[in-house]
Structures are given as structure tokens and as C-alpha cells.
Number of protein chains: 2
Amino acid sequence: MSDISTPEIGAVEVAPVCDDLHDPEAIVAADVLAADKAQQMAEFFSLLGDANRLRILSVLAVQEVCVGDLAAILGMSESAVSHQLRSLKAVRLVGYRKQGRHVYYYLDDHHVLELYQAVADHLDEA
Amino acid sequence: MSDISTPEIGAVEVAPVCDDLHDPEAIVAADVLAADKAQQMAEFFSLLGDANRLRILSVLAVQEVCVGDLAAILGMSESAVSHQLRSLKAVRLVGYRKQGRHVYYYLDDHHVLELYQAVADHLDEA
DNA sequence: TTGATATCTGAACATATGTTCAGATATACT
DNA sequence: AGTATATCTGAACATATGTTCAGATATCAA
């Protein structure tokens, strides 16, 4: 994690290992996902990388539900649900609406349903 | 994690908290993502939930590359790259081809590029 | 065969993650 | 006011994860 500032150039000069067998890495290096963008994307994917969060989203995809009901439906503790909702809220995947002592959460980014469905289908194929 | 066998029914009977305010959870419960399917999907998303793995995929999306070159391009140790490639290989996201002492890895599941691009675009919007 | 190169492997380590628990906050009801 | 309900919060805990390190394996070259 020391000198990734210009990984493309550095990498090519330091280790031209397979140059005689294949195209120089320079061609590939230009297209390497930038470290910071990679980190952002990874954090997003990681958010979908938990079974309980996915199940929460699957419920909210149908209709808005309050915390207690979510916990009951999913068989999770209310605290665990609350913690996960906070993560989902932080990246605007869900939103909430207060009504009395209840807090109703809803799916705020329907874009994720495409990813959700794509992976669901993908796993059904194989 | 004790009685999730029939979470839909159980949940509804145990905690009919918001019934007077909203539709019974039964409506939603029928659509809840099954725990095992959720776990499968979560494991898949988790695989994309690491910056270095995403960067590896971004390179292999362009052309096949051997382990040492990947390490050089990404500024990772060869061991770390090898470990990650094993994970990616386990779910058939990448494949490999041996040539002499080199092992060339290639993207085996071009389906993921759609997810990759979708999230990349999604982050650019916001 | 000997030595160098390329990759893999598993244990050890540090960090990240998700849940539980106890308690805080906020709202509703009487 | 006091009590119950609904949700949130942060510390503690156990587990998962990714990297490093040392060494094993395999192939090539001399």
C-alpha cells in the first residue's frame, strides 16, 4: 500500500515478466480500475454482501415496513435490524418516514433491484 | 436463527404490531427472500465487495494476464493475488490456462461486467 | 543435477463485520 | 405525572476476511 500513486507506469517498468510471451502490461494497465473508485464500488457491493441486508431489501421492495415488523418477519432482533437499516440508510438505499413511535422504512433506490434480480437469476442458471 | 423454517407464518402470529396501521405482514412475508438463497446471493456480492478483487477483474476484463503481472500491475504481493484468484476461480468468475511456469487467468463469467458497470455508473451519478 | 523462476499453500496476524446486550431516547396512552 | 411501546445507540463479543510470511511444488534453463 506504499506506492500505488502511479501503479500503471511503475508496474510495467519493474516487472516486464511476460513481455516476450504476451502484450506488455501497459495496454492493460491503462484500464485498471483506480484504487479509490474500486474502494467505493467494493463498499457498495459489500453492502449487498450480507444475507440479512438482502432479505431486508427484499421486504422493502414490496412495501414499506416498520422496524419491529421487519424484525418479526425476518426472525432478527430489532437491534440487529436497526443497525443494518442504518447502513442501508447511509448510502441512500433506503429511506424512512416517522409515524408516531413507528419508523417506516422504504426502498429509496430501486436501482438495486436490478442488481438483486441479476444475481438471483445468475445463481438459478448455474 | 432457531425457527426460521416458516418465518412468514411465525412472524405474523408472533408480532402483529402494526396491523391496525398497515397491511398485515403476511402480504410481504410471502415475498421474503429465502434464507438460503439470500446466503448464496450474499456470498456472490461479497466476492465483488473487495477493491483488489474488483481491480483484478477490471484487468482480466481486458485480457488474460499471469499472476506475476497482475501483482505488478496492481501493486499487490503475488501471494495475495494468488489467494484472491483462488476465490474468484472457486465461483467460476475466472478461469486459468497454464503455459510453462506461467498461469494465465482470464475472465470466465462476462456476466459480472454488467454488474460491475452498473455500480460504476451508479456511483458516478450520485 | 543444480539453480532460478512462477505459482501455490496454510498458518499467523491484524482488521473488519454483524450480533447481542444494556441502556438511552422518543412517542403514545392513562 | 407515570407507564408502556418503538426505535436507536455504543460497547463488547465472536466470527469473517485479507494480507503477510515461510515454505512447498512445479517448470524451465544451464
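Lettering follows sequence order; numbering is per chain, from 1. The shown structure was predicted, so the numbers you read here are calculated from the model rather than taken from an experiment.
For C:dC21, the base has a donor-acceptor partner in the side chain of A:S79 [N/O atoms by modelled type, under 3.5 angstrom].
Tracing side-chain contacts under 4.5 Å through hydrophobic residues (I, L, V, M, F, W, Y), one never reaches A:Y106 starting from A:Y116; they form parts of separate clusters.
Looking at the side chain of A:R86, the nearest of the listed nucleotides D:dC8, D:dG10, D:dT20 is D:dG10. Here the nucleotide nearest the side chain of A:N52, chosen from C:dA6, C:dT19, D:dC21, is C:dT19. If you check C:dT7, D:dC8, D:dT20 against the side chain of A:V67, the one that comes closest is D:dC8. Side-chain proximity of A:A80 to the nucleotides C:dT20, C:dT9, D:dT7 is greatest for C:dT20.
Toward the 5' end of DNA chain D, the nearer of the two residues A:R101 and A:H83, judged by each one's closest nucleotide, is A:R101. Taking the nucleotide of DNA chain C with the nearest heavy atom to each of A:G100 and B:K89, the more 5' of the two is matched to B:K89.
C:dG18 atom C1' lies 12 Å from atom CD of B:Q39, rounded to whole Å. For the pair B:Q84 CD and C:dT9 C1', the computed distance is 14 Å after rounding to whole Å. For A:Q99 and D:dT5, the CD to P distance is 19 Å, given to the nearest whole Å. A straight line from CD of A:E64 to P of D:dT7 spans 12 Å, rounded to a whole angstrom. Atom NZ in B:K98 sits roughly 15 Å away from atom C1' in D:dC28 (whole-Å rounding). To the nearest angstrom, P of D:dT7 lies 16 Å from CG of A:L88. In this structure, B:E78 places its CD atom 15 Å from P of C:dT9, rounding to the nearest Å. The distance from atom CG of A:L85 to atom C1' of D:dT9 is 14 Å, rounded to the nearest whole Å.
Contact check, B:Y96 against C:dA6: no side-chain N or O comes under 4.0 Å of OP1 or OP2. Neither OP1 nor OP2 of C:dT17 sits under 4.0 Å from any side-chain N or O of A:R53.
Under the 4.5 Å side-chain criterion, counting only non-hydrogen atoms from C-beta, B:V67 is not in contact with B:Y96.
Side-chain atoms of A:R53 never come within 3.5 Å of backbone atoms of B:A42 as a donor-acceptor pair (strictly under, hydrogens ignored). Using a distance-only test at 3.5 Å, with no hydrogens or angles considered, a donor-acceptor pair links the side chain of B:R55 to the main chain of A:L33.
From B:R97, atom CZ reaches atom NE2 of B:H102 across 11.0 Å, with rounding to the nearest 0.5 Å.
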